[in-house]
Each structure stands twice: as structure tokens, then as C-alpha cells.
Amino acid sequence: MPELPEVRTVASVLKKELINKKITDVKIIYSKIISKDSLDINLLINKTLKDITTIGKYLLFHFDKYILISHLRMEGKYFIKTQDDSFEKHEHIIFNFEDNISLRYHDTRRFGRMTLIKKVDLHKVNSLKKLAPEPFTINKEDFYQRINKKDVSIKTLLLDQTIINGLGNIYANEVLYVSKINPSRKGKDITLKEASTIIDSAIDILNLAIKEGGTTIKSYTSSLGVIGNYQQYLKVHKKENEPCTFCHMPIKKIKINGRSTYYCPKCQK
DNA sequence: ACCACCTCCTGATCGC
DNA sequence: TGCGATCAGGAGGTGG
């Protein structure tokens, strides 16, 4: 369930539970979660977790000399449990920590990936190198320049993490709705002013989502969900045929580049 | 270089 | 009800 706000929420909750704890054991149940170019995950045994940070949708677990990079993709989740030799269906990687804590990586569709790297190699990681800035720090002029020549829909461009980092399908839909921009319009037809509006909307929406994600995390006495409660704020995503909050026309659903896209045909020009 | 499409997976839901 | 088809908050790889 990972877009930028959910990933940040996961990071902050995990940090509270795991910071300064030492890993005592690692179990790899489904090894494809670990990318081919990863160092051996067992190197983390006896290492102490120093910090957890995020870059867009990536989670970074920092150790003295190593960083574990984790991307949840569609359905990756972390659960905190007490140690137990058994594991549930869809738990693929288990990190046991001191104090009887067990961190479980759970991923129904198995799309998520983890890579262990040396800290000194962080700047060499291809997937991270290509990322654009997050909406909070992006330069509007640079963003405009990146979309300016593209013969691709603005919806597709907002999902491209090298154009802007952190939006997924839900927030891309929401951002364009609030910005009153039709998702099918080509990047090259978006004006600087519209590009600026997109960034402002993205910041507002993500900030609210981060705030809500932080307040709506489920109790994690035995497990840690990543479930935010931002659904209640969604205005277009999954709202096909429901009235537009501005003009009351029914929201339409179409496919753009294979992804479900919701918009108001009247308000989004 | 750019861009549309395929692929990786499982499970819930849709439609006939 | 049964069952195959489609869909789901992502992104890397491929090939035109």
C-alpha cells in the first residue's frame, strides 16, 4: 500500500519500534524478494539498526556500514511480532531483533524488492540515482522542463518517478482533479502555470495524507499494518459515477497507459 | 531517445 | 453457482 505518505508512515512507526536494536537472525523464505545485485542479507546479523529514512517510495534501513533498500511495490507490508519459528502465508523475509522482536516482510503479490548495499555505494544505486525530487523540494521550472517536450499524457508523467518522485496512481488522480487538469492532456501542452498548480496540489494532498497516515495507523501491539485512513479524503479515485464535488457531474473512469484513471470531464480541462 | 506494452504475482471481483 | 477474465496504490525490461 505504498505511495509516499504510506511509506513515510511505515518508516516513522518502524523507527519507533526498532531504532538501536540489533538484528540477531535473518530468515529468507522467498528469495526473489532480494534483488540479484544485493549483498548477502545475512551480513546484517549482529548489526544495529541506526535509522530509517525514505526517498519517495523507497525505505532505507541504515546500519553502520550498510543500507538495506526496500521497495514495497503494490502490496508489501511490514509487521512487527514477537519471535516465533512459524510464519504466515505471504511472509517472505523475517528479521529477528534483540528483545524478542520479529520484523516480517509480507507481500501477497511478491512484487516488492530489497537490496543490501554498502553505505559508501549509496550514490551508485541506479534506481535511486534516476529519481526526481519529491514534490516538496522539486523546482517548478525544472519540473516544467521535464514534461514540456513529452508526447505522453500528464497522468502517465506524474507516475514516472524520474519526472516527480512519490506519486502513485491514487495521488496522481487526486492531484489532477484538484488541479482541474484533464489527465489525457499531453505533457507538452501543459503550461508553466499549470505545472506550478500541479506541484502546489501535490504538496497539499501529500501533506494531508502524511498527517492522516500518522494518526490512523492501526494498533500494532502484535502487528504493524501500513493502513492509513486517507480513503475518506479521496475525491475522484474509485469514485466512478459519483458526483463531482465541484459540479456534480458523474466522475468518469478510463484507462491511461493501462492504469485506472478517474476524472471529471467537465471540471478537468 | 522515446514510448507502448509486457512482465512479475496472488486474490478479489466481475460478467456471462 | 461456476468459472474464466479482469483488475489491483509499481516499476523494470523489451522491442518497435
Side-chain angles (χ1 to χ4, degrees), chain A residues 1-10 29-38 54-59 69-78 88-93 105-115 125-132 134-135 145-177 183-189 202 205-206 208-210 212-213 216-217 225-241 253-262:
Chain A
M1 315 201 149
E3 295 184 48
L4 184 149
E6 290 68 44
V7 173
R8 287 213 183 177
T9 304
V10 171
I29 298 150
Y30 181 74
S31 62
K32 281 180 79 175
I33 297 295
I34 313 295
S35 30
K36 288 189 292 278
D37 49 354
S38 174
T54 65
I55 303 175
K57 304 177 192 174
Y58 290 84
L59 280 163
I69 303 167
S70 169
H71 196 301
L72 307 173
R73 293 283 183 95
M74 297 285 255
E75 306 211 3
K77 299 174 181 66
Y78 281 100
E88 287 176 31
K89 194 175 184 184
H90 305 310
E91 287 181 352
H92 304 306
I93 312 286
Y105 179 71
H106 179 292
D107 190 343
T108 310
R109 290 174 76 179
R110 308 179 178 193
F111 281 175
R113 291 293 179 265
M114 295 181 197
T115 312
V125 178
N126 277 327
S127 53
L128 301 181
K129 261 198 307 201
K130 291 183 291 188
L131 295 173
E134 296 179 354
Q145 290 305 329
R146 279 198 289 277
I147 64 174
N148 189 0
K149 294 169 200 75
K150 296 283 190 178
D151 194 26
V152 174
S153 70
I154 184 64
K155 166 70 190 305
T156 300
L157 292 169
L158 292 187
L159 294 177
D160 182 340
Q161 308 298 298
T162 69
I163 301 282
I164 186 166
N165 187 10
L167 299 178
N169 201 37
I170 290 179
Y171 292 115
N173 283 331
E174 295 293 316
V175 165
L176 289 173
Y177 178 73
S184 298
R185 284 179 53 200
K186 304 286 182 147
K188 62 184 180 186
D189 297 329
I205 288 169
L206 293 182
L208 178 61
I210 290 166
E212 289 303 312
T216 54
I217 280 294
V226 295
I227 316 299
N229 204 22
Y230 60 82
Q231 280 91 333
Q232 64 189 99
Y233 294 95
L234 296 178
K235 295 191 172 89
V236 277
H237 188 80
K238 290 248 176 99
K239 305 289 186 187
E240 186 179 17
N241 293 329
K253 177 185 181 182
I254 59 173
K255 289 271 184 195
I256 294 181
N257 209 25
R259 310 298 304 277
S260 293
T261 303
Y262 301 83

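Proteins get letters first, then strands, A, B, ... in listed order; numbering begins at 1 in each.
C/dA11 sits 23 Å from B/dA12 when the C1' atoms are compared, rounded to a whole Å. Comparing the same atom, P, in C/dG9 and in B/dC3 gives a spacing of 24 Å after rounding to whole Å. Remark: the separation of the P atoms in B/dC6 and C/dT6 is 13 Å, to the nearest Å.
Here the C1' atom of nucleotide B/dC2 and the CZ atom of A/Arg146 are 17 Å apart, to the nearest Å.
Taking side-chain N and O atoms only, A/His90 has no distance below 4.0 Å to OP1 or OP2 of B/dT10. At least one side-chain nitrogen or oxygen of A/Lys255 sits closer than 4.0 Å to the OP1 or OP2 atom of C/dA8. Side-chain N/O atoms of A/His237 include one lying less than 4.0 angstrom from OP1 or OP2 on C/dG9. For A/Lys89, a side-chain nitrogen or oxygen approaches OP1 or OP2 of B/dG11 to under 4.0 Å. Between A/Lys57 and the phosphate of C/dG10, there is a side-chain N or O to OP1/OP2 separation shorter than 4.0 Å. Residue A/Arg73 places none of its side-chain N or O atoms closer than 4.0 Å to OP1 or OP2 of C/dA11.
Proximity note for A/Asp151 (side chain, C-beta onward) versus B/dC3, C/dG10, B/dG11: the nearest is B/dC3. Nearest to the side-chain atoms of A/Lys150 among the listed nucleotides B/dC9, C/dC7, B/dC3 stands B/dC3.
Looking at A/Ser184 and A/Ser153, their side chains never bring a donor and an acceptor atom within 3.5 Å of each other. Side-chain atoms of A/Lys253 and A/Asn241 include no donor-acceptor pair closer than 3.5 Å. Residues A/Ser70 and A/Tyr105 bring no donor and acceptor atom of their side chains to less than 3.5 Å of each other. With no hydrogens or angles considered, no side-chain donor-acceptor pair links A/Tyr171 and A/Asn173 at under 3.5 Å.
Counting all heavy atoms, side chain and backbone alike, A/Arg259 lies closest to A/Thr261 at O-OG1, 3.0 Å. Closest of all the heavy-atom pairs between A/Glu174 and A/His237 is OE2-N, 2.8 Å.
With a cut-off of 3.5 Å on both pairing distances, the Watson-Crick and G-U wobble pairs of DNA chain B assemble into stems of 3 or more at B:2-8 with C:10-16, B:10-16 with C:2-8.
Along DNA chain C, the nucleotide nearest to A/Ser127 and the one nearest to A/Arg109 differ in position, and the one closer to the 5' end is contacted by A/Arg109.
No engagement by A/Lys149 is indicated, since no non-hydrogen atom pair under 4.0 Å with the nucleic acid exists.
A heavy-atom distance below 4.5 Å is not found between the side chains of A/Val152 and A/Asn257.
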